[in-house]
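Okay, structure first, notes after.
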Amino acid sequence: MTDHPHVLVTGGAGFIGSHTADVLLKRGCFVTVLDNLSTGYRANISQLENQQRFQFIHGDVTGDVKGLLSKAAKRFGPIDRIAHFAAQTAVPISVDDPATDIAVNLGGTARILEYARHNKVAKLVFASSSAVYDDDAPVPVNEESRARPASPYGIDKLAAEFFLDYYARIFGLTFTALRFMNVYGPRQDPKSWYSGVISIFLDRAVTNQPITIFDDGEQTRDFVYVSDVAEVFAESLMSDKGNSAIINIGTGVEVSINTLTRTILDLAGSSAPVKHEPPRAGDIRRSVTTMDKAVELLDFHPKVGLREGLAETLAWVRTQTKTARPPAPLKHASP
Ligand code: UD2
């Protein structure tokens, strides 16, 4: 491998994928983003488009991956490493349409794995999810906790992890799977009905629209800022850190939705009304990870605390309300 490896970022026009592409470019990599723009945006990578070491390929991981990536290799040489984010990311869509979820999330992963197998890719890092755990998981949850997904989305993420392990054992693939807790930050789309709570609440706070808290608001989540996630993802991809491991990526800090709401209203100086609605079907009550494995294997120490991350995200949301984005389509996605 050269000092400037060629890295493929599937779903690289999406929320977490585009931040990871930023980090990889800064590290001197040649970066190919493959994205079907179903929920990703060209705007998320506009800062990269005029860079010599960057190329965008409009295409689908469920399509002719081999053909699309041979195009990529023509310009930057063989693909050395793969960051695999491309996925249908909405849990509710996976519940309504499991066949589509399987086709995109598992089918797409299988195509990327086949490409990696036949093209001597040095390492693949997979964007997995805390959705592999259910409400019976211990608090805090660790990687040894039983994975028993409560949604087709979680099942597909877990099945993809098994595929990684299978490719490692049978074909010698080097991989890491990172199970994200609740990632937030700039470029997380607030406009779709399955958006993350932080992007929705910030958007409502800025526009003084009602904020809806499901349940009593004492449910908790582990919110991790996107730049911390992108850095650790890139670090794992470009090194031997976390090889063959499945690792939770969060902060280890448990925050209730009520506390989150107060912090957001305070930061935004907003008096948006807050109302409560019954619990959302399928919601888990508490979610927070242990940090031991991420610290031990990845030396992961998140840098951005919640208040700072919310302030950064708020600043971005304010720029977005001035330049409204088109509403996100419902099918497929890139995180
Ligand atoms: C997260 C992931 C999801 C999956 C899941 C696994 C995000 C955006 N989603 O879903 O992909 O990995 O974890 O368990 O990271 N809430 C409100 N009002 C709203 C929206 C949400 O009260 O308008 C509450 C919601 O009831 C929940 C919490 O906020 O208790 C977080 O909701 P979310 O949709 O941001 O994320 P989550 O944890 O359901």
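Just so it is clear, the structure is predicted and the values come from calculations on it, not from any experiment. Ligands are counted one by one from 1 in listed order, and the atoms in each one are counted from 1 as well.
Heavy-atom neighbours of Arg148 CZ from other residues, nucleotides or ligands within 6.0 Å: at or below the threshold of 12.
Judged by distance alone, with hydrogens and angles left aside, the side-chain atoms of Thr263 form a donor-acceptor pair with the main-chain N or O of Thr259 at under 3.5 Å.
Close approach of ligand 1 to Gly196 is summarised as follows: ligand atoms under 4.0 Å from at least one heavy atom of the residue are 8 (C), 35 (O). Close contacts of ligand 1 with Ile213, meaning ligand atoms under 4.0 Å from a residue heavy atom, involve 22 (O). With ligand atoms numbered from 1 in the order given, ligand 1 contributes 17 (C), 18 (N), 19 (C), 22 (O), 23 (O) to contacts under 4.0 Å with heavy atoms of Thr212.
Between Lys26 and Asp22 there is no salt bridge, since no side-chain N of the basic residue sits under 4.0 Å from a carboxylate O of the acidic one.
Within the structure, the closest approach of Phe201 to ligand 1 falls below 4.0 Å when heavy atoms are considered.
Between Phe30 and Phe76, the angle of the ring planes lies from 30° to 60°, which puts this pair in the tilted group. In this pair, His58 and Phe56 present their aromatic rings parallel. The plane angle is below 30°, not in the 30 to 60° band.
Protein non-hydrogen atoms do reach within 4.0 Å of atom 6 (C) of ligand 1. Protein heavy atoms are found inside the 4.0 Å sphere centred on atom 39 (O) of ligand 1.
Among Glu218, Arg280, Glu277, the residue whose heavy atom lies nearest to atom 34 (O) of ligand 1 is Arg280. Closest heavy-atom approach to atom 3 (C) of ligand 1 among the candidates Asp216, Val183, Val91: Val91.
What sits closest to atom 25 (C) of ligand 1 on the protein, heavy atoms only, is Asp283 OD2, 3.1 Å.
Note: no N/O pair closer than 3.5 Å links Ile200 and ligand 1 by distance alone.
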